[in-house]
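FYI, the numbering just counts along the sequence from 1. On a predicted model such as this, the values are computed, not experimentally measured, just so you know.
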Amino acid sequence: MKKILLTLCCVITFSMSYAQSNLDIANVYIKRANSVIEESINYKEALSLFEKAMKYMDTITSPEIASLGSRIYFELENYREAKKYSKQFFLVSKNRKSDMYQQQLDLFVTINEELELQIAEEKRIEAERIKKEKELQRIDSLKTVWKAASEKLAIKVDSIYSFNKNNYALYSKEGKFGVINDVGSIVVEASEFPYGISFEGYIVLQNKKEDPNKIFYFNTYKGTGNMLPNPSDFNSISTHFGEVMLPRSNGRLVTYPNNSYEPMIYDLNVKKVVKVSNQKDLLKTLKKGDIIRKYNKDGEVKIEKEWYIFGGHLGGGVHPLYVEDDYNINAYLFSVDGTVSPANSKYKYLGAFHNNKIEAIKENERVWLNQNGTKVDDLKDAIANYEGNSKVVKLEDGKYQILKDGKIVKGTESLEKMVDYLRKFN
């Protein structure tokens, strides 16, 4: 029992000694905090010293310490902590008539006033934050709606080529070509033709680049299109169109069907094959002008010492010439001066003559000739230059959109740019 009492006394003595030691350390920091305020009015440093003191104190029993804490936190505009220490002051202060009590009472009222203002400002800031958050949520919602509407106006194709002056262009999708206009309407679906070309206001689509047997043409002047007649409709033993030349602005398209002694010349405007209306009169005129020496009722002409099968008229007095049992063009007659140009040694295929120029092809090289077969400057497509205000934009996912007059357009539908769309709902 004596041992227990002795141990208990030691514990009590140690606790009292430890508590006394902590209080002494706390008082050192309190003293330093007061000195900093008196000497330099540095409340931040004073707060650091005060907080160190609080680590060594379990409970504040001194009115002076409570008052110091309240004053430090007040000066640093931490009114909640200032009020807490001010309340502690009134709990431990016994003398209500002292100057310190009156000063603390006055400070307490000021703290409450400032705290009310602070709380009101915090509420205002929080309300503003909630308002902004709701506005951002509303904007995000509008953006989601806009993106969905924008996606509906996206054009899912692989490529859109340049629009021409008549506001049409080729486009490609999955290896096929079609026709689109400058407001994003698909005019001809890209579903059948793997080759397409646009020239002088006409778009030609072929089921094969070489020797096609199906050709669709689109007239961008009229906004209409049609299939060319089958090659066999032109010549019963022809199975394909052979070489297909460029369409010209007068609507003439020249092709060279196989097994034929004349090219097929098609007028894309009136939708019919064009042939010499009175070949006999034409041959008589050529003979009279010493361009040919003879002709017969079978449509054969003699030039110098050679007989040829007369292959029609490409325009501008240019005539293809064939020889018996050979469906390949043998030569071209330029009747303006009587020049005969062998097809094999110069240009194998000629297109339609128009505006003083005729297309010529040899070994996949395209050049342009004048009326007597002399090479001239390349023909510039006057319809190629788009004059509208539509702009093709490629999106990140590879799709396309068309911007016109500041809006995304697709056919009859349109959508403002996102910034304008959001502004509309502001």
Can a donor-acceptor pair be found between the side chains of [X] and [Y] at a distance below 3.5 Å?
X	Y	result
N259	N235	no
S86	Q104	yes
K83	N112	yes
T255	E243	no
N328	D326	yes
N372	T374	yes
N389	D405	yes
N230	N213	no

How about [X] and [Y]: are their ring centroids closer than 6.0 Å?
X	Y	answer
Y171	Y400	no
F89	F108	no
F50	Y43	no

How would you list, by chain and number, every residue that makes a ring-ring contact (aromatic ring centres under 6.0 Å, His included) with [X], sequence neighbours excluded?
X	result
Y261	Y327
Y29	none
Y295	none
F216	none

How would you list, by chain and number, every residue that makes a salt bridge (charged side-chain N to carboxylate O under 4.0 Å, His left out) with [X], sequence neighbours excluded?
X	answer
D267	R252
D233	none
E363	none
R293	none

#### Entry: Verdict with supporting geometry, Y168 and F163, ring-ring contact (aromatic ring centres under 6.0 Å, His included)
CA-CA 5 Å; Y168 291 94; F163 294 115; 8.7 Å; no
- Quick one: side-chain hydrogen bond (donor to acceptor under 3.5 Å, both in side chains) pairs with a partner in residues 182-192, sequence neighbours left out?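 Listed by first then second residue: D182-Y386, E192-K214.
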Once you round to the nearest 0.5 Å, how far does CG of N164 lie from CD of E387?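 So the gap between those two atoms works out to 10.0 Å.
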For H319 and F310, run ring-ring contact (aromatic ring centres under 6.0 Å, His included): C-alpha distance rounded to whole Å, both residues' side-chain angles, the deciding distance at 0.1 Å, then the answer. CA-CA 7 Å; H319 308 281; F310 191 75; 4.9 Å; yes
K302 atom NZ: more than 12 heavy-atom contacts under 6.0 Å: yes
Residues 53-62 vs salt bridge (charged side-chain N to carboxylate O under 4.0 Å, His left out), sequence neighbours excluded, gives none
So salt bridge (charged side-chain N to carboxylate O under 4.0 Å, His left out) across residues 364-379, not counting sequence neighbours, yields E359-R366
Item to check | Listed partners of L117 passing side-chain contact (heavy atoms from CB on, under 4.5 Å), at least two apart | outcome: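 Listed in chain order: E114.
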